[in-house]
Amino acid sequence: VPKSLVILGTGGNCLDILDAVQAINRHTHQFDVLGFLDDNPDTHTQPFGGHPVHGPLSLASRFEDAHFVNGIGSTRSYLAKPALTEALGIDIGRFATLVHPTAVISPGATLKSGTVILANATVCANARMGHHGLVLPNCVVSHDCHLDDYAILASGTVLCGNVTLQKSCYIGAGSVVLEGLTVGAGSLVGAGSVVTRDVPPHTIVAGNPARPR
Ligand SMILES: CC(C)(COP(=O)(O)OP(=O)(O)OC[C@H]1O[C@@H](n2cnc3c(N)ncnc32)[C@H](O)[C@@H]1OP(=O)(O)O)[C@@H](O)C(=O)NCCC(=O)NCCS
């Protein structure tokens with residue numbers, strides 16, 4: 001029986017999530033998309049991706065039988081994502097784990113509920129991902145990486161082996177984090193950076209080699 005699905009957010013990531021849902025459904029019809037929720041009232045006036053935007057995130061409690069997928073995750077919103085999500089009071093088990101059919105997930109990797117892996121991403125052996133992770137297209141999460149909850153990897157990120165991302169890290173598009181390093185909680189790595197040293201918590205770094213900004 002397909003699950004009803006509500007997508008949180010209407011940013012660009014959410015359209016890619018919708019594409020992933022449609023690609024999954026072409027294999028096996030797993031999800032019926034009910035629409036989107038977004039706190040910006042300007043988004044409520046017209047459909048998004050062909051589906052209605054029902055209203056603010058707080059309407060989530062009205063979708064009693066639905067599952068959810070969390071598309072919040074721009075450089076502006078990533079730090080607010082845990083509080084926005086937890087305020088909804090939705091049981092973590094009702095957040096779907098979505099994997100685009102073209103993504104490759106090692107049988108030895110673990111993904112927790114609420115994590116989303118988009119097209120052509122690869123999650124390698126023994127990688128462990130927490131809840132509400134968001135891995136955009138073409139990322140590589142190498143062997144033995146450990147991503148805490150709410151990690152966001154923008155398109156084309158490469159995490160070398162044994163990298164640790166603490167809670168709510170945002171790794172910008174096309175960045176590389178060298179093996180064994182830790183990016184601290186809430187930190188942001190600018191697009192195209194090469195991270196050669198541990199990044200402390202709540203720090204913005206960018207460049208090659210990545211330096212604090
Ligand atoms: C790092 C980032 C957050 C900084 O944004 P910001 O605070 O608005 O910074 P600014 O654009 O004002 O730039 C500040 C300085 O940092 C430099 N800079 C910004 N981003 C950089 C990057 N990714 N790499 C190297 N230098 C960068 C700018 O050139 C500027 O340098 P200057 O002071 O010498 O002129 C942003 O540039 C970034 O990389 N965001 C990630 C985008 C992304 O990956 N999106 C994913 C879409 S899939």
Side-chain angles (χ1 to χ4, degrees), residues 7-23 36 38-40 43 48-49 69-85 97-105 111 114-123 127 129-130 132-142 145 147-160 163-179 181-213:
I7 300 174
L8 305 181
T10 61
N13 295 333
C14 298
L15 277 185
D16 289 333
I17 288 172
L18 183 61
D19 274 359
V21 172
Q22 289 164 346
F36 294 85
D38 195 295
D39 282 345
N40 177 357
T43 67
F48 184 75
V69 59
N70 201 337
I72 300 165
S74 69
T75 51
R76 292 173 308 285
S77 62
Y78 77 104
L79 282 177
K81 185 172 180 173
L84 284 172
T85 305
T97 303
L98 281 188
V99 177
H100 193 287
T102 61
V104 176
I105 312 295
L111 307 181
T115 280
V116 177
I117 314 283
L118 295 183
N120 291 318
T122 303
V123 180
M129 292 196 55
H132 296 293
L134 180 54
V135 176
L136 298 185
N138 287 319
C139 290
V140 179
V141 178
S142 300
C145 283
L147 281 59
D148 205 341
D149 298 347
Y150 296 100
I152 299 176
L153 306 189
S155 304
T157 291
V158 175
L159 302 182
C160 298
V163 163
T164 300
L165 301 186
Q166 295 177 348
K167 186 177 175 184
S168 297
C169 287
Y170 187 104
I171 312 296
S175 295
V176 177
V177 183
L178 297 185
E179 49 266 56
L181 297 180
T182 296
V183 181
S187 286
L188 185 155
V189 173
S193 301
V194 179
V195 177
T196 59
R197 294 170 183 224
D198 289 346
V199 178
H202 305 292
T203 305
I204 297 175
V205 299
N208 176 9
R211 305 266 192 225
R213 299 272 151 182

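The first residue in the sequence is number 1, and the count goes up from there. Basis for what follows: all heavy atoms, side chains included, without hydrogens, waters or symmetry-related copies. Order of appearance sets the numbers: ligands from 1, and atoms from 1 within every ligand.
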Answer with yes or no whether the side chains of Asn70 and Thr85 bring together a donor and an acceptor at under 3.5 Å.
yes
Which residues satisfy the side-chain contact (heavy atoms from CB on, under 4.5 Å) test with Pro200, sequence neighbours excluded?
Thr203
Is the shortest side-chain heavy-atom distance between Met129 and Asp148 below 4.5 Å?
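They are not in side-chain contact.
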Is there side-chain contact between Val176 and Cys160, with heavy atoms separated by less than 4.5 Å?
yes
As a test of reading the model: which N/O atoms of the protein lie under 3.5 Å from N/O atoms of ligand 1, and at what distance?
unit_1: ligand 1; atom_1: 16 (O); unit_2: Arg213; atom_2: NH1; d: 3.3
unit_1: ligand 1; atom_1: 23 (N); unit_2: Ala191; atom_2: N; d: 3.2
unit_1: ligand 1; atom_1: 23 (N); unit_2: Ala191; atom_2: O; d: 2.7
unit_1: ligand 1; atom_1: 39 (O); unit_2: Ala191; atom_2: N; d: 2.8
unit_1: ligand 1; atom_1: 44 (O); unit_2: Ala173; atom_2: N; d: 2.7

Taking the side chain from Asp38 and the backbone from Thr10, do they hold a donor-acceptor pair closer than 3.5 Å?
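Confirmed, Asp38 side chain pairs with Thr10 backbone.
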Once you measure the plane-to-plane angle for Phe48 and Phe36, does it fall in the parallel (<30°), tilted (30-60°) or perpendicular (>60°) bin?
perpendicular
